[in-house]
K.L.:
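One structure follows; several queries about it will come next.
Throughout, a chain's letter reflects where its sequence line sits, starting with A, and its residues are numbered from 1. Keep in mind that what you see is a predicted model, and the values were worked out from it rather than measured.
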Protein chains: 2
Amino acid sequence: MTQPTDADDRPADANRSTESAIDAGSDSERDPLFSRIPRRDFVKAGAATGAMASLAGCTGMLSGDDESTSLTDVKTDVDPGEHDDYYAFLSGGHTGEIRVYGLPSMRQLMRIPVFQPESARGYGYDDRTSEMLEDAGGYSWGDAHHPRVSQTDNDYDGRWAFVNDKANGRMARINLKYFETDAIVDIPNQQGTHGACCLLPDTKYVFGVGEFRVPMPNDGRDLTDPDSYTSTIAAINPETMNVEWEVLVDGNMDNGDGGKEGRWFFATGYNSEHAVTESEMSSTDTDWLKAFDVPAIEEAVEAGEYEEIGGVPVVDGTRNSSLNEGDRPVARYIDVSKSPHGVSVTPDGKYAIASGKLDPTATVVDIETLAEADDPNESIVGRPRLGMGPLHTAYDGRGHAYTTLFIDSQVVKWDIEAAVEAGEESTDPVIEKIDVHYNPGHLIAAESYTADPQGDWLISLNKLSKDRFLPVGPMHPENDQLIYIGDDEEGMSLVKDTPSYAEPHDASIVSADKIDPAKVYDPADYDEEFVGHEDIDISREDGRAHVKMYSTRNEFGFEEVTVTEGDEVTMTVTNIEQTADILHSLAIPEHDINIKLAPQETREVTFTADEPGVYWMYCAFFCSALHLEMRSRLIVEPAE
Amino acid sequence: MTQPTDADDRPADANRSTESAIDAGSDSERDPLFSRIPRRDFVKAGAATGAMASLAGCTGMLSGDDESTSLTDVKTDVDPGEHDDYYAFLSGGHTGEIRVYGLPSMRQLMRIPVFQPESARGYGYDDRTSEMLEDAGGYSWGDAHHPRVSQTDNDYDGRWAFVNDKANGRMARINLKYFETDAIVDIPNQQGTHGACCLLPDTKYVFGVGEFRVPMPNDGRDLTDPDSYTSTIAAINPETMNVEWEVLVDGNMDNGDGGKEGRWFFATGYNSEHAVTESEMSSTDTDWLKAFDVPAIEEAVEAGEYEEIGGVPVVDGTRNSSLNEGDRPVARYIDVSKSPHGVSVTPDGKYAIASGKLDPTATVVDIETLAEADDPNESIVGRPRLGMGPLHTAYDGRGHAYTTLFIDSQVVKWDIEAAVEAGEESTDPVIEKIDVHYNPGHLIAAESYTADPQGDWLISLNKLSKDRFLPVGPMHPENDQLIYIGDDEEGMSLVKDTPSYAEPHDASIVSADKIDPAKVYDPADYDEEFVGHEDIDISREDGRAHVKMYSTRNEFGFEEVTVTEGDEVTMTVTNIEQTADILHSLAIPEHDINIKLAPQETREVTFTADEPGVYWMYCAFFCSALHLEMRSRLIVEPAE
């Protein structure tokens, strides 16, 4: 293999001191963070370096270097024809999609377009999906951050995945029977929906966590009065995808996580300053972790203690709200070090752990005591000092937490109960650190969001790849690194570098046996009319034509379809195949149309035939040796 | 690892007889091909089975099974942080994109949107790229089939890749300095451009091979007169992307390849019947491989022997054309068995090899004798019998050809000179066969399209994956399988299964050292004005606003931008970073805008500010610990 040669561009050495690696790029002189973050010392745990060095070559399959390692009994690749053990759902960031990977192979099994039209699936091309995208605002992209999979009894139930759109304040639902997006809700009163997650144990709500503070409603009022800007969390019914209620808060929010017991929901936030410039937003030393008491909010809604804004009940959860007085506040504001970023609830439901981002600590909150505490800060039971730029935390189910250190480019493994025992700031709970490449955002461990994490695999979703892959121009891939965490004695082991297209933010990892996708469509699941061999038909009336036809190897129901220039044409097409994996499409040249037809699937497409001529409609999925001949002529006769 | 359990759905056994595996699905009773293809016997070479069995577990890295294999000295995976040896450019079919893989890891390093807007790159969102897509027809997708990389002296020169659009008759160019699409030409007189390839040795032309026969011009005339339909090949200047000339032909064409000597260009075709239905299109026993004599065509153009149609000179190359009489025909029609599909020229430039598709043979044409032969069929020097559904052929540089067998789901390795020695139909040239999974279309070997293939790796681009991966719903991934071909004694070895999103058709594999992408933009390469610290400006006049600003960690040039409802706003934004991999974007919520800004890159975007309110413009690339705070307010004041 070719070794990277561009040494000048290479980041600091793996064993560099933390002090020397404070920036996201490599020019620390100019990074504005450099002068802003407290530069405290901390003990770098020694375990990591040794384990890592011995495993640096561990993916060297059949390469002749067969020294025994801690991974001897762990298969870290998947033989041809064998299946992966896990599904991983990774967000696609500003591509607007979700990607499905297999673990441990890290192979991308499928893409699921969510917020953007996508022609290979015909998503946004057929009438049903284009109407869905139109009804959700008509945008051609979204910023998909946090894919969360539905749970029942704190375990994955294989029904849905949800993901937010930070760019347009939306939440989408992916149907895991068909691995396709089946609903998008445009959340009222939210300009940027950053966090997405479920209220457990049974996914009663999906929460959309609003980030950007704007006037409410944002219709031209209060433009230059930032104090009147606001943001909300939104509780969405996962079945109907209706927004049931929202809660107004102080400060910007970003990430969230639900407790395991159905009561508490947590959201981190920054900008308690209510500022509008970057320097002012990070001027105070603390911001808030917000804890929402869901039953208290529901009671307020029930009691009519809300204002209806944008068509939904909005409960006032700001600090000075009357609903936050008394012994049953709807929202509790917990002080944490400046600009906390990630929050996640431990598998046992005991703690919510928020990361410091601009502070080297994490904050451990005891959930059980939260309801009774006079001051919610009393529920803070630990504050381990982890390293520079702690962002997100995942769990192995054995009492360990794993936190990404954005600035240090590391993942730190630490002991949760040791952090509680230590109480105030301490590096004692730190067990081990491993270098990642480079600047990790989220990380995710197998089933970390459930009550029973699997404890074997962890992915570090790194924002920069720099020199880790062959160069591909000024836009680099990111680097999703697979780390084995199953051996506490040997420590964490870096196993794979996986380049990824911009920009996975978060992921959920689900055991393969908990999802049971269909291989063929069930026509009962959608409204379009199934068009069998006997049902083909062409009707024309008043400038509208309706063509009903089937597709099968190697033909469409009609060998030609004649319409008149100016006709509005609807084509209803069914793939009548029963065999899994035999897909067809209906592509119409020079008409910008391609609709996907999986076995037993029907889709409709409507367009105007506005240019006279002959157009060879064809199947874009290579379906048999006579695939090229699978065509039908669309003949558009001149109007007169 | 979980073994696939859905046995009913699994295709026939690897050692099944050819007779039992004739369909693309698994229900052979109903496949129309079953009764149409001649069912001849052929000898299945024995070498493959043994080699394959011993290597079935060869990717079991660190799995404990360390039996020595033929791959002992070959690294088939790439350690974390090490680089791949090759770039592979795979087409994305009806996604409209190109994907860049690393070999041998088979990791997807990058996506390059070509015919479709793509929001993570802001491709089709900024003014320059959206105008390019609009000028090329305004379609939102394309059907990208054949990525071919430019060559000089029959070797890759790292300048460009080209790819066709089958859906709309177009050709695109990708700039390999920046790994981005920089030109698309809408080819006149072509409805579906199927083939794409270069005239070698120096990429004098890029050829677009027209598939669909339509009236010319296709404006409503001759709608129901298929005999007057026609198709063309188009010669495109790679520098200007202008169509220099076209040649009119009989029959549909699909794939093409250029000779190594700058004279001949070859295209396969079907439908010599000039039919419009699938059954009629495959009714005769032979179709044509067309050989175009490029200097003869250039002379005809020079002499004015053309008709100008759609703005380009069109030379008549149909069989009965006067230009095909005499001893310097512009196009020679060579008879090959029905519906030949792929054609490729051997690395030494001696032979053009066309595959039978509906016939179990390939046809070997001696290029050197083609000019002098009275009847071009005299130049057919071999016709090896390879198996069922031969589609495409690649080369290892050691005298072997590798042909995909679509129906047999195999790759067959055969000896080219042995096929010439054998002359008429024979299975003797067959050396070995290996099962692939399933139904391969194209295959590609490392640098197979050059004069000097590397002879180590081969990818079989299989159209169906069926049960090879975890199920992901009715739309399955395809399966791009990596095969090691570097050991003629041990034979071909299947190394990796790689799932891929619909639908790679073809690929080019280039040694890593032959491409040298830039890591930072050179402002001299584009027209937009670089906006440095001193150049920021907001101007407003007559309902138009122009905002010039920079982006850098962690700020935009302006913390707020105020415009009036109804203003047409142009934003010119420069990423002033010098550090590779530090990207920013300008995302504008609820305005459907996201433009990517790599280091030193400037992009412009123009939109109408039609809704009063506050909009938080933000950076969608996670660029530093203060990424969330990198924002600017767009304030749209009510008109009055």
Side-chain angles (χ1 to χ4, degrees), chain A residues 1-2 24-25 59 61-63 71 75 77 79-80 82-83 94-95 109-111 119-120 139 141 167 178-179 191 212 214 218 220 223 277-278 281 389 463-464 466 469-474 476 497 499 501-502 517 559 579 581-582 589 592 598 612-614 616 620 622 624-625 629 635 638, chain B residues 1-2 24-25 59 61-63 71 75 77 79-80 82-83 94-95 107 109-111 119-120 139 141 167 178-179 191 212 214 218 220 223 277-278 281 389 463-464 466 470-474 476 497 499 501-502 517 559 579 581-582 589 592 598 612-614 616 620 622 624-625 629 635 638:
Chain A
M1 305 302 124
T2 317
T59 54
M61 163 187 93
L62 300 171
S63 62
L71 286 179
K75 282 195 72 174
D77 218 328
D79 292 343
E82 285 203 348
H83 285 185
H94 38 306
T95 61
L109 301 173
M110 186 48 58
R111 301 184 196 170
S119 52
Y139 307 116
W141 74 287
Y178 296 131
F179 275 55
Q191 180 163 106
F212 300 138
V214 290
N218 187 26
L223 293 177
T277 66
E278 179 249 307
M281 284 185 199
K463 296 298 182 183
L464 302 184
K466 301 183 74 69
F469 305 110
L470 283 181
V472 288
H476 293 228
D497 276 24
Y501 193 69
E559 288 178 334
T579 307
D581 203 9
I582 303 297
D592 212 27
V614 173
W616 283 101
F622 203 111
S624 80
E629 290 82 356
I635 298 173
Chain B
M1 305 301 124
T2 317
T59 54
M61 163 188 92
L62 299 171
S63 62
L71 286 179
K75 282 195 72 176
D77 219 328
D79 293 343
E82 286 203 346
H83 285 185
H94 38 305
T95 61
R107 297 175 297 189
L109 301 174
M110 186 47 60
R111 301 184 197 170
S119 52
Y139 307 115
W141 73 287
Y178 296 132
F179 275 56
Q191 180 163 106
F212 300 140
V214 291
N218 187 25
L223 293 177
T277 66
E278 179 249 308
M281 284 184 200
K463 295 300 181 180
L464 303 183
K466 301 181 75 70
L470 283 180
V472 287
H476 293 228
D497 276 25
Y501 192 68
E559 288 178 334
T579 307
D581 204 8
I582 302 297
D592 211 27
V614 173
W616 283 100
F622 202 111
S624 81
E629 291 82 354
I635 298 174

K.L.:
Who wins among A:P638, A:A502, A:S119, A:A598 for the most heavy-atom pairs under 4.5 Å with chain B?
P.N.:
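Sorted descending by pairs with chain B, the first entry is A:S119.
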
K.L.:
Tell me, do A:P517 and A:Y178 make a side-chain contact under 4.5 Å, heavy atoms counted?
P.N.:
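With C-beta onward as the side chain, the pair stays apart.
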
K.L.:
Check salt bridge (Lys or Arg N to Asp or Glu O under 4.0 Å) between A:D581 and all other residues, then give those that pass, not counting sequence neighbours.
P.N.:
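With neighbours one apart ignored, the set is empty.
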
K.L.:
Name the member of A:N218, A:D592, A:I635 that forms the most heavy-atom pairs with chain B at distances under 4.5 Å.
P.N.:
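Most heavy-atom pairs within the cutoff with chain B belong to A:D592.
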
K.L.:
Tell me which of these, B:G613, B:P474, B:P612, has more heavy-atom pairs under 4.5 Å with chain A than the rest.
P.N.:
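Heavy-atom pairs under 4.5 Å are most numerous for B:P474.
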
K.L.:
Test of understanding: with side-chain contact (heavy atoms from CB on, under 4.5 Å), list the residues that count as partners of A:P499, not counting sequence neighbours.
P.N.:
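Expected list: A:F469, A:P477, B:R107, B:L109.
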
K.L.:
Testing the basics here: between B:F179 and A:G473, what is the closest heavy-atom pair and its distance to 0.1 Å?
P.N.:
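That would be CD1-N, 4.2 Å.
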
K.L.:
Between A:M110, A:M281, A:Q191, which shows the greatest number of heavy-atom pairs under 4.5 Å with chain B?
P.N.:
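Of A:M110, A:M281, A:Q191, A:Q191 has the most heavy-atom pairs under 4.5 Å with chain B.
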
K.L.:
Is the closest side-chain heavy-atom distance between A:I582 and B:L464 below 4.5 Å?
P.N.:
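SC-SC contact between A:I582 and B:L464 confirmed.
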
K.L.:
At a 4.5 Å cut-off on heavy atoms, which part of A:Y139 comes close to chain B: side chain, backbone, both, or neither?
P.N.:
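Interface part for A:Y139: both.
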
K.L.:
At a heavy-atom distance under 4.5 Å, which candidate from B:T277, B:V214, B:T95, B:L223 has the highest pair count against chain A?
P.N.:
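Ranked by contacts with chain A, first place is B:L223.
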
K.L.:
Just verifying a value: how many Å separate B:E278 CD and A:E559 CD, rounded to the nearest 0.5 Å?
P.N.:
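B:E278 atom CD to A:E559 atom CD measures 8.0 Å (nearest 0.5 Å).
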
K.L.:
Side chain from CB out, backbone as N, CA, C, O: work out which of these in B:F622 comes under 4.5 Å of a heavy atom of chain A, or both, or neither.
P.N.:
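Both parts, heavy atoms under 4.5 Å.
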
